[in-house]
Amino acid sequence: MGDVLVKVPVSEQDPKVRATNFEEVCLGYNKEEAMEEASRCLNCKNAQCIKGCPVSIQIPDFIAAVKDGDIEKAYEVISESSALPAVCGRVCPQESQCEGKCIRGIKGEAVSIGKLERFTADWARENGIKPQGASEKNGHKVAVIGSGPAGLTCAGDLAKLGYDVTIFEALHEAGGVLVYGIPEFRLPKSKVVAAEVENVKSLGVKIETNVIIGRSVTIDELMEKEGFEAVFIGSGAGLPRFMGIPGEQAKGVFSANEFLTRNNLMKAFKEGYDTPIARGKKVVVVGGGNVAMDAARTALRLGAEVHIVYRRSEAELPARVEEVHHAKEEGVIFDLLQNPTEILVDENGCVKGVRVIKMELGEPDESGRRRPVEIPGSEYEIEADTVIMSLGTSPNPLISSTTRGLDVNKRGCIICEDDGTTSKEAVYAGGDAVTGAATVILAMGAGKAAAKGIHEYFQNK
Amino acid sequence: MYPIVKKEKLADKIFLMDVKAPRVADNCLPGQFIIAKIDEVGERIPLTICDYDREAGTITIVFQTVGASTERMSHLAVGDAFMDFVGPLGQPSELCVEENLEETKKKKIVFIAGGVGTAPIYPQVKWLKEHGVETTVIMGSRTKDLLFYVDEMREVATQLCVTTDDGSYGFHGMGTNQLQALVDEGQEFNWCVAIGPMIMMKFVCKLTKELGIPTIVSMNPIMVDGTGMCGACRLVVGDQVKFACVDGPEFDGHLVDFDQAMSRQQQYKTEEGRAMLALQEGDTHHGGCGHCGGDK
């Protein structure tokens with residue numbers, strides 16, 4: 001028995017080895033390790049961890065089952081609340097959610113809830129255990145727009161309640177950001193994502209790919225011509241933002257969305273796939289979120305020296321602690337408190353470097369983080385052949401502009417209540433389309449709330 | 001799957017296909033595009049819609065083999081199918097929207113098509129004829145053997161001028177020369193639509209700016225998803241960054257920064273060239289292309 005104040009360590013691929021491959025970084029617990037970690041849980045009566053979970057998994061109950069070695073039961077408990085546990089166990093920012101609230105964490109380290117969730121979900125998949133679907137259909141047809149975390153969760157919850165659900169996906173593969181955004185080494189596509197999508201399908205959910213709502217068919221047409229009585233919009237974030245600095249249209253400047261989509265969805269890193277990707281020698285990634293870490297670690301694996309340029313300090317990095325830690329271990333260089341002012345371009349229109357200015361932290365701004373302020377005269381140049389902009393996204397106007405009576409806010413995000421209700425009757429929304437770019441689990445929480453909202457709508461109808 | 005129900009070779013390296021895609025055929029309009037993906041390993045290839053048959057549920061695409069993926073596509077036959085085919089994407093042509101018809105009828109429109117650009121021009125001219133709008137069409141190519149759709153276009157255009165750079169058919173010269181000639185004859189135009197290679201659109205815009213004719217161009221930059229997510233297709237139009245997939249593909253040609261667009265289009269040229277050579281030469285490719293250093 002180890003020290004009860006410390007997490008049971010989880011095995012990972014060696015940083016030097018994994019920096020050259022796209023295999024998963026974290027290898028997860030085995031059953032003995034999971035049971036030992038589970039025994040660290042205090043099984044609090046007034047469990048704070050549940051309050052930290054956007055989908056309210058009954059965390060102490062599932063951990064108690066793991067402790068007893070009854071993994072099937074643990075999976076049952078998780079499945080009541082989450083459609084994508086193998087995904088969440090890998091990509092949730094646990095330190096600011098469940099684990100951030102863990103009482104064990106007050107003195108010592110929090111229980112490794114994420115790793116236990118991952119173990120449980122992986123064990124269930126490996127042992128062919130599926131979530132339980134509805135025994136009876138209620139005959140109501142619901143359309144879900146987008147097959148990302150919000151859409152899959154909403155669809156799964158509605159199917160469990162007996163609804164006839166069809167998901168419409170614009171891309172050629174289901175999963176949304178889970179397939180185009182998050183890299184293979186953090187979230188294996190065929191092993192984990194495809195398997196969880198299959199689980200949602202096994203609940204009776206239909207998925208139609210290559211349908212772009214607003215173009216192939218509109219929401220009004222789905223409701224008026226195809227018999228859908230309610231719609232959930234989980235269409236995700238939209239177009240990438242750029243800085244508006246000179247040189248941004250040069251060859252060699254990409255959005256993180258483009259770089260990651262080429263690599264993850266189109267599998268440009270794999271031999272035999274047709275889609276090209278720029279394998280830079282020296283890459284600058286601008287931004288400090290999870291997407292920036294994903295882009296940086298992908299560029300590194302494609303053979304580049306990679307710098308992350310972020311305008312605040314390490315404490316303000318919005319990325320998960322684990323991603324920052326992994327990126328550093330693998331050799332990503334962090335140029336913190338610096339901000340690009342210009343992308344330098346050679347005579348052929350290609351990137352040759354980035355001019356950056358050093359920053360210092362001033363007073364806190366509206367986000368509560370200390371505002372970065374330029375230090376005059378501190379500009380210098382970083383040599384680079386590739387720049388990846390990872391600055392967030394602005395909403396895609398396609399659905400809002402083609403749906404009668406659907407209100408959006410100043411920024412173009414769909415306006416909705418906590419239960420997903422929008423300005424249009426029987427149309428609900430959630431996830432990045434509402435909040436702007438956020439996390440997988442927040443989108444799942446919104447999908448879950450909307451499923452509840454849609455169910456109440458039908459009951460009161 | 002999206003089966004190919006018709007295939008024709010229109011000219012050297014230029015192919016036509018009718019593809020069954022009912023959801024696309026139901027809602028598409030001239031000016032929009034689709035994205036096709038051959039199979040699991042294929043690229044997402046954006047192509048402008050050239051015609052559609054709502055009853056048959058088919059979309060006509062025309063493409064020229066320019067890289068490894070279009071080369072591979074040209075080997076597909078009737079009975080084969082695309083794994084993925086999504087659309088319609090982008091905004092419809094402003095001219096071909098019922099609400100704008102009264103305005104459109106007042107216009108004296110000239111279309112200038114270059115090379116494979118003839119294909120996306122065709123449905124617009126056809127739509128306008130069906131709605132009682134007169135058009136002049138100038139369609140040009142390098143040489144006679146690369147011309148296609150001449151008879152089809154004659155059916156729908158009020159006035160058709162065909163040009164070849166080498167004089168092997170029709171007017172000897174380029175589309176811009178033909179337009180200048182028509183204007184010199186005293187013909188009046190107050191609207192121009194130019195679709196073709198970027199370099200051709202650039203020169204058409206240079207001329208129409210001098211002539212004071214507002215000009216719409218259809219841009220075909222590099223794209224990945226084509227749905228408004230990746231930002232690869234960004235262009236500078238009148239000092240603003242626009243995305244061809246959601247804001248376009250048609251833009252005010254007098255505001256487009258063509259030099260930058262052409263430069264950005266070369267982004268993956270080395271990689272594409274390498275893939276193309278590897279595909280053509282297979283195992284016989286052992287370097288010498290100047291790009292790959294022999295590593296295929």
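So that the names make sense, note that chain A is the first sequence line, chain B the second, and so on, each numbered from 1.
- Of the candidates V211(A), I212(A), N210(A), V211(A) is the only one forming a side chain to side chain contact (heavy atoms under 4.5 Å, CB included) with R23(B).
- Heavy atoms only, all atoms of each residue included: A170(A) and V86(B) are closest at O-CG2, 3.7 Å.
- The backbone N or O of G349(A) sits nowhere less than 3.5 Å from a side-chain atom of S263(B) that would complete a donor-acceptor pair.
- Neither the backbone nor the side chain of E169(A) comes within contact range of chain B; no heavy atoms are under 4.5 Å apart.
- Interface remark: of the candidates Q260(B), M83(B), E40(B), E40(B) forms the most heavy-atom pairs closer than 4.5 Å to chain A.
- Defined by atom type and a distance below 3.5 Å, a donor-acceptor pair is missing between the side-chain atoms of Y273(A) and E43(B).
- Within a 6.0 Å radius of NZ in K189(A), other residues, nucleotides and ligands contribute more than 12 heavy atoms.
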Under 3.5 Å, which donor-acceptor pairs link side chains of residues 236-256 of chain A to any protein atom two or more places apart or in another chain?
| unit_1 | atom_1 | unit_2 | atom_2 | d |
| --- | --- | --- | --- | --- |
| R241(A) | NH1 | L391(A) | O | 3.4 |
| R241(A) | NH2 | T393(A) | O | 3.0 |
| E248(A) | OE1 | M243(A) | N | 3.4 |
| E248(A) | OE1 | G244(A) | N | 2.6 |
| E248(A) | OE1 | I245(A) | N | 3.1 |
| E248(A) | OE2 | M243(A) | N | 2.5 |
| Q249(A) | OE1 | R234(B) | NE | 3.2 |
| K251(A) | NZ | N348(A) | O | 3.2 |
| S255(A) | OG | N257(A) | N | 3.4 |
| S255(A) | OG | E258(A) | N | 2.9 |
| S255(A) | OG | C230(B) | O | 2.5 |

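- For a residue to count as touching a neighbouring chain, one of its non-hydrogen atoms must lie under 4.5 Å from one of that chain's; by this rule Q265(B) does not touch chain A.
- For the atom pair CZ of R215(A) and CZ of F33(B), the computed distance is 9.0 Å after rounding to the nearest 0.5 Å.
- Other residues, nucleotides and ligands contribute at most 12 non-hydrogen atoms within 6.0 Å of the NZ atom of K206(B).
- N396(A) places a side-chain N or O within donor-acceptor distance of the main-chain N or O of T227(B), the cut-off being under 3.5 Å.
- Both the backbone and the side chain of L89(B) have a heavy atom closer than 4.5 Å to some heavy atom of chain A.
- In this structure, CZ in R44(B) is found 14.0 Å from CG in D274(A), a value given to the nearest 0.5 Å.
- Distance alone, capped at 3.5 Å, places no donor-acceptor pair between the R262(A) side chain and the V224(B) backbone.
- Counting heavy-atom pairs under 4.5 Å between each of E173(A), E221(A), K267(A) and chain B puts E221(A) at the top.
- Within the 4.5 angstrom heavy-atom criterion, only side-chain atoms of Y2(B), from C-beta onward, approach chain A.
- Within a 6.0 Å radius of CD in E94(B), no more than 12 heavy atoms belonging to other residues, nucleotides or ligands are found.
- The candidate from M229(B), K37(B), R264(B) with the greatest count of non-hydrogen atom pairs under 4.5 Å with chain A is M229(B).
- The backbone N or O of S216(A) lies less than 3.5 Å from a partner atom in the side chain of N27(B), making a donor-acceptor pair.
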